[in-house]
Structures are given as structure tokens and as C-alpha cells.
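Below you'll find the structure, written out as C-alpha cells, and then a few comments.
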Amino acid sequence: MTVPTMPPKSPKSPHSVNGPVGDTPGEPLHTPVIDWFDEHARDLPWRRPEAGPWGVMVSEFMLQQTPVSRVLPVYEQWLARWPRPADLAQEAPGEAVRAWGRLGYPRRALRLHGAAVAITERHGGDVPTDHAQLLALPGIGEYTAAAVASFAYGQRHAVLDTNVRRVLARAVTGVQYPPNATTAAERKLARALLPQDERTAARWAAASMELGALVCTAKNETCHRCPIAAQCAWQLAGKPEHDGPPRRGQTYAGTDRQVRGKLLAVLREARGPVPQAVLDRVWHEPVQRARALDGLVADGLVEPLPGGLYRLPLTRS
DNA sequence: GAGGCGTGGGC
DNA sequence: TGCCCAAGCCT
């Protein structure tokens, strides 16, 4: 791996508003980005005050690897049906999987249900405010814990999702794409760029994500609409294309994943238990079919019943 | 740390 | 048409 080359630094500013930034001085990025956000932010339901911490948390689960446009309708139905964590916690996990619909990665539904149970049992039914307690919930990792703490509670955290990573890779590091996996250097950079003021930091988190989602996109970026184009290291370097090993792609066709998806689709649509013979029709190859079904059972997404019947899980696994 | 894990839209 | 991508998490 080659170390990304940094473009020439502009003259150092007297003293950064960002506070101590170590070896990354320069004009603060957050001010123009936040100003842009004030003007161009999308009106999304989980950003409205009435969404509350639970709404923010539900949206974060659903948005993991899934586009906003597909999340919107499911989010609305979900919150209407389960307005509080305790409402979801008393449901069967299979109901969460069914309501998840075709958002993909249905283990997220199971984990969101598990998180609701934990919140009800351990936190009095309120989404915890503490980053470490959020991180301890199923389905919540580094990104989601920081996002909920920041968006729902206005706390100061580095919120490092794929959008922010791309914005920083370009604006600061001067490369087209961030590394495949989040690195210590990226975390350090994100922390260094975090405004000191808590409110401003939370605003910056949302604003930098939105910039990556709407302007500084993976493909067909629109730099002419970017509030920091004049300071962007990648832009100043002439927007060199990514070099090095190809970025990891996803395969799908013919994989167990595809078979799992087909099996679960049948079970979601069915009201009650489904005979094995019905499931057998979704995939021609018996070995792979069986492996996929076993995997779903092992993951707790499917419950086997006596007599070769299967259903979405009624009990906690 | 590399791979597994859904689904559908855009180019 | 395929390929790439979309607010990651877990093992």
C-alpha cells in the first residue's frame, strides 16, 4: 500500500478555530459546510424534533447500507406501529423481521428488536445517552453509537461514516476514495477536525455526512456545488483518480445470500408456518438451499418446527 | 482483518 | 447489460 501523498499545504492560519489539530492545520472546514447544510439539508423525518432518540436510532439501523429513499416508507410505518422501544420489545422478533420488508440485511431487524429489549430491560425504556452504553447494544457499532449520541443528544463525537470518510479523503488527504476499512489515521483526523463546541460538533457531523451524500458523492460528484471546493486538496491536486488495488466489490448472484433472501421472502409473506416443500421451490440446488436455510436458523431469523415446518421466529433466540 | 450478510436503483 | 453503490456490524 502506498501512503497517500499530501498536496502542498496552504499557509498556516494564525490559530485554528478547531482547537488543537496537531499536524492538520488550515482553515476550518466546518463553517462553510454547516452554512451550506443550513441551506440545503434534506427534510428527513428522523431529523425532525418529534422523531426523538428512538426515531433517530431506528433510522440509523435502517440506513446501514440502505439508501434513504427505500428507508422512508418503512421508517414511517415502523414508528407508527412501535413508537417506543418498549412497544417493539414486547413483539415477537419475527414481527420485526416481517416489518423490515425488503430493506435487506434482515439481521438488522433482529438486532433492532434485541436493542429494544435491552433498552427496556436495562435502561428503563429510554435510549441511553452514553456512548459506551449505546455501543453495548446489539447492532450498534462505532458509527451508530456516535451517530445516535450526536444526532439525538447533541453530543460531540467523531461520526465517521462512508460519506464523511470520502469527504475527508478528498478535502483533506487529497485522494478520491478512503481506504476500504476505517484506519486509525482517519479516526485521528476526524477527531482533530471536530469543533470544540458541542452543538457545533453535532451540526458538523450531520453537515459533513449530508455533503458526502448530496455533493461529494462516490461517482459523479458535483464540485461546483461544494462549499469547500476552493480548499479541497483533491480538487487542488487536479482530482487524480484512484490508483492501487481495486476497491472490494460485492458479489451476489448465485451466492447463499441470494438464496437466503428468497427463502426469507417466502416466510415474510406467509401468515403461518411454511412447509419445507414450499421453501424448496425457491432454489434448485439442494445443497446450497439447505445450507442457506440452516444459516437462517442459526442466525435466529427462522424458527424450525416439528414436521418440517418453518416460520419467522416467535421466541427470542 | 477479510468476508459474509439483502436489495434495488442508476448509469 | 452488468457493475457499482447505499448513514455498517459481527465473527
*A:Ile34 backbone acceptor or donor facing A:Trp204 side chain under 3.5 Å*: no
*Closest nucleotide of DNA chain B for A:Ala181 versus for A:Thr255: which of these residues is on the 5' side?*
A:Ala181
*asked:* Over all strands shown, is A:Val68 touching base, sugar-phosphate only, or nothing at heavy-atom distances under 4.0 angstrom?
replied: base
*Kindly point out which of B:dC5, C:dA6, C:dA7 is positioned nearest to the side chain of A:Pro67?*
C:dA6
*Can you tell me how far P of B:dG6 sits from CG of A:Leu301, to the nearest Å?*
7 Å
_Taking the basic N atoms (NZ, or NE/NH1/NH2) and the acidic carboxylate oxygens, is any pair closer than 4.0 Å for A:Glu303 and A:Arg311?_
yes
*Closest-nucleotide ordering on DNA chain B, the 5'-leading residue of A:Lys219 and A:Ala265*: A:Ala265
_Out of B:dC11, C:dC9, B:dG6, whichever nucleotide has its closest atom nearest the side chain of A:Asn220_ = B:dC11
*asked:* Using a heavy-atom cut-off of 4.0 Å across all strands, would you classify A:Leu296 as base, sugar-phosphate, or nothing?
replied: nothing
*asked:* Over all strands shown, is A:Ala218 touching base, sugar-phosphate only, or nothing at heavy-atom distances under 4.0 angstrom?
replied: sugar-phosphate
*Taking OP1 and OP2 of B:dG8, is either one under 4.0 Å from a side-chain nitrogen or oxygen of A:Arg102?*
yes
*For A:Glu142, which contact category applies under a 4.0 Å heavy-atom criterion: base, sugar-phosphate, or nothing?*
sugar-phosphate
*A:Ser59 near the nucleic acid: base, sugar-phosphate alone, or nothing, with a heavy-atom cut-off under 4.0 Å?*
nothing
*Got a donor-acceptor pair under 3.5 Å from the side chain of A:Thr66 to the base of B:dG6?*
yes
*Would you mind telling me which of C:dA7, C:dG8, B:dG4 lies closest to the side-chain atoms of A:Met209?*
C:dA7
*How is A:Arg166 classified with respect to the nucleic acid when contacts are heavy atoms under 4.0 Å: base, sugar-phosphate, or nothing?*
sugar-phosphate
*asked:* Tell me whether A:Asp280 is salt-bridged to A:Arg289, with the criterion being a basic N under 4.0 Å from an acidic carboxylate O.
replied: yes
_If you only use heavy atoms from C-beta on, which nucleotide in C:dC5, B:dG6, C:dA7 is closest to the side chain of A:Pro106?_
B:dG6
_Between A:Arg70 and C:dA7, is there a contact of a side-chain N or O with OP1 or OP2 at under 4.0 Å?_
no
*Taking only the side-chain nitrogens and oxygens of A:Arg260, find out if one of them lies under 4.0 Å from OP1 or OP2 of B:dG6.*
yes
*Using a cut-off of 4.0 Å on non-hydrogen atoms, how would the nucleic acid contact of A:Trp100 be classed: base, sugar-phosphate, or nothing?*
nothing
*Could you tell me whether A:Ile140 contacts a base, only the sugar-phosphate backbone, or nothing, with contacts defined as non-hydrogen atoms closer than 4.0 Å?*
sugar-phosphate
*Tell me which nucleotide among B:dG6, C:dA7, C:dG8 gets nearest to the side chain of A:Gln64.*
C:dG8
*Out of C:dC9, C:dA7, B:dG6, which nucleotide sits closest to the side chain of A:Arg257?*
B:dG6
*For C:dG8, does OP1 or OP2 lie under 4.0 Å from any side-chain N or O of A:Gln65?*
yes
*Pair A:Glu221 + A:Arg166: basic N to acidic O under 4.0 Å*: no
*Would you call A:Arg47 and A:Glu210 a salt bridge, using N to O less than 4.0 angstrom?*
yes
*Any A:Arg291 side-chain nitrogen or oxygen under 4.0 Å from OP1 or OP2 of B:dG4*: no
